[in-house]
Amino acid sequence: MSNVSLDELTSLCKRRGFIYQGSEIYGGLAGTWDYGPLGVQLKRNIEQAWWKMFVEQRDDMYGLDSAILMNPKVWQASGHTGAGFADPLVEDLETKKRHRADHLLEDNGVENAEELTHEQMNKIIKERGIKSPDGNDLSEVRVFNLMFDTHVGPVRDDNSMSYLRPEIAQGMFVNFKNVVDSLQPDLPFGLAQSGKAFRNEISPREFLFRVREFNLMEFEYFIEESTWEERFEHFRAEFYRWCEVLGLDVKKMHELEVPEADRAHYSKRTVDFEYEFSFGTKEVGAIAYRTNFDLSNHMDQSGEKMLYRPKDGSDPFVPHVIEPTFGLDRMLLATLSEAYTEDTDNDRVYLALPEDIAPVKYCVSPLLKNKPELVARAREVYEMLQGKYGRVVWDDNGNIGKRYRRQDEIGTPWCVVIDFDTLEKDGKVSLRNRDTLEQTRLVPEEI
RNA sequence: GCGGGCGUAGUGAAACGAUUAUCACGCUAGCCUUCCAAGCUGGAGUUGCGGGUUUGAUUCCCGCCGCCCGCACCA
């Protein structure tokens, strides 16, 4: 619909109270954003729509809300303390370009380089005189860990070290046994949760797109191995149904079949779902077939039996997993980009947000502010609508056109105006539609 | 993290080594206004942070923070 620039969108978000830069009065903190009053309402509406569609309206999905801090053994079992999240990097001393040390070694004929320690990598680079792709000397190997570390408890030593979770999936894997024991779900079933995750990105960019603290919504859907392709396709279709809830144009959604070399360490197949942003076509969600990598590893590491026991008495097994992931902030950014509409015919900008997720549902105004009888009736209607469909706001500032423009910019789908005909004729109020500008008249009880 | 550019009200801009930093829109109070940013009269609000040079710094210099572009990275 629109191809709004990030600058314009960022500006509107700030001006109207959707999103502010994190810690702004102290000069900001890169990669963090704060949701203002309208932004948090929009975010919650999206999250709730997701929960409703995928958890409440299905009988095979179970909700969960696990802790952000986890036992560090979780991250060893999941592979996040190794290559990928803790990358060994070297720098070209001339060009200052950075390269993955393990990739460079493999390019130079060293096998399984990612399993080497950094000391071993340094040694090989020195012994064999390995240069950068541009033929220059290299710096020492340094680890760049994408996980934020922290310490749990009063003593700051290696034993107290933990991490802020870089993904929310592990909370569902480690609770697999608990849910099976307490609810005895039949396979297939899913665990769903939404929440914060943290990644210490090298360079945050593009507004809400690449950030250091973000919200994910995802589920782990446990299946029998033989059914994985069928389940994968099911969620692929569901993904598009979800995009419609957000009002996203499916023509702007693109699938990227992630080649093996680029896939996560746990994944046997991954499809990224990308949206055409003004700054490029970028990932907003994905579906990954994680096999039984996670449950198997947790079973090995913890000694707990991560097994599903079929009720027909056949052999227990470790289920496989399909994992659909939705980046909440990225989805929200796509939703705003899509909704942003320049209506030059009417000299206005409005957010064509779907009614279910718009932060404000109704605005109520007296046609004129200086007529007490109009104001009084408008107040009654305002109070009547309060809480009926979510957020309702009152606006009597300036003139009616100004109020419409203001509500347009925050995406309020309906404006209710009380005028003289309301009082003198039939009690009907006007209901103005954000997108069509059309007005209908009806009694307030019919709204 | 590297290289380049940039940082003045909420937004977009202007100006200056020196009196109280300007303008538009927006916001706000009052008047007015019988449905799409009209008008009138008021009001609030700005030099990112820290240091240096200087009689005097928003302006010049340095550091930090942040933003943009490119590279790299991106489970």
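- A:Y221 is linked by a ring-ring contact (aromatic ring centres under 6.0 Å, His included) to A:F235, counting only residues two or more places apart in sequence or in another chain.
- Enclosure of atom CZ in A:R15 by more than 12 non-hydrogen atoms of other residues, nucleotides or ligands within 6.0 angstrom is indicated.
- A:R199 places its CZ atom 17 Å from the P atom of B:rC73, with the value rounded to the nearest Å.
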Summarise how protein sits on nucleotides 35-50 of chain B as a single string, 5' to 3': B when a protein heavy atom is under 4.0 Å from the base, S for sugar-phosphate-only contact, - for no contact.
-> BBBB------------
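- A salt bridge does not link A:E304 to A:K73: none of the charged nitrogens lies less than 4.0 Å from a carboxylate oxygen.
- The same atom, C1', is picked in B:rA21 and in B:rA14; the two are 10 Å apart, to the nearest Å.
- Atom CG of A:L6 and atom C1' of B:rC67 are 12 Å apart (whole Å).
- If you measure from atom CG of A:D396 to atom P of B:rU28, you get 10 Å, rounded to the nearest angstrom.
- For A:K425, the NZ atom counts as loosely surrounded, since its 6.0 Å shell holds 12 or fewer non-hydrogen atoms of other residues, nucleotides or ligands.
- Across the C1' atoms, B:rU8 and B:rU46 are found 6 Å apart, a figure rounded to whole Å.
- Rounded to a whole angstrom, the distance from the C1' atom of B:rC67 to that of B:rU53 is 28 Å.
- Between B:rG3 and B:rC60, the two P atoms lie 22 Å apart (nearest whole Å).
- Base pairing annotation: B:rG42 forms a Watson-Crick or G-U wobble pair with B:rU28, both donor-acceptor distances under 3.5 Å.
- Using the Watson-Crick or G-U wobble rule with both distances under 3.5 Å, B:rG3 pairs with B:rC69.
- Remark: the A:T270 side chain and the B:rA75 base include no donor-acceptor N/O pair separated by less than 3.5 Å.
- Aromatic ring centres of A:F207 and A:F277: separated by at least 6.0 Å.
- Across B:rG10 and B:rG17, the matching C1' atoms stand 30 Å from one another, rounded to whole Å.
- Pair check for B:rU20 finds none; no Watson-Crick or G-U wobble contact set falls under 3.5 Å.
- The distance from atom CZ of A:R15 to atom P of B:rG26 is 11 Å, rounded to the nearest whole Å.
- For A:A30, the side-chain atoms get nearest to B:rC67 when compared with the rest of B:rC67, B:rC73, B:rG1.
- Across the C1' atoms, B:rG7 and B:rU59 are found 14 Å apart, a figure rounded to whole Å.
- Pairing of B:rA37, defined by two Watson-Crick or G-U wobble distances under 3.5 Å, is not identified with any nucleotide.
- Nucleic acid contact class of A:K369 (heavy atoms, under 4.0 Å, all strands): base.
- Annotation: of the two residues near RNA chain B, A:E424 and A:F207, the 5′-most nearest-nucleotide partner is A:E424.
- Nearer the 5' end of RNA chain B, as judged by each residue's closest nucleotide, is the contact made by A:G28, out of A:E283 and A:G28.
- Between A:V318 and A:F176, the closest side-chain pair of non-hydrogen atoms is not below 4.5 Å.
- Atom pair A:F209:CZ and B:rC67:P shows a separation of 16 Å (rounding to whole Å applied).
- Nucleotides B:rU58 and B:rG52 are separated by 13 Å at their P atoms, to the nearest Å.
- A:E206 has its CD atom 16 Å from the P atom of B:rC74, to the nearest Å.
- One C1' atom belongs to B:rC62, the other to B:rU41, and the distance between them is 49 Å to the nearest Å.
- In the set B:rA72, B:rU11, B:rU34, B:rA72 carries the atom at the smallest distance from any side-chain atom of A:R210.
- At the heavy-atom level, A:S203 lies under 4.0 Å from base atoms of the strands shown.
- Across all strands shown, B:rU59 has no partner, as no Watson-Crick or G-U wobble contact with both distances under 3.5 Å is found.
- Scanning for ring-ring contact (aromatic ring centres under 6.0 Å, His included) contacts around A:W51 gives an empty result, with sequence neighbours left out.
- Contact annotation: A:N397 reaches the phosphate of B:rU28 (side-chain N/O to OP1 or OP2, under 4.0 Å).
- Looking at heavy atoms from C-beta onward, A:R269 lies out of side-chain contact with A:E229 at the 4.5 angstrom threshold.
- Cation-pi contact between A:R16 and A:F18: absent, since separation from the ring centre below 6.0 Å together with deviation from the ring axis within 45° is not met.
- At the phosphate of B:rG30, neither OP1 nor OP2 sits under 4.0 Å from any side-chain N or O atom of A:N370.
- Distance, A:K371 NZ to B:rC32 C1': 9 Å, rounded to whole Å.
- Residue A:Y289 contributes atom OH, which lies 21 Å from atom P of B:rA75 at whole-angstrom precision.
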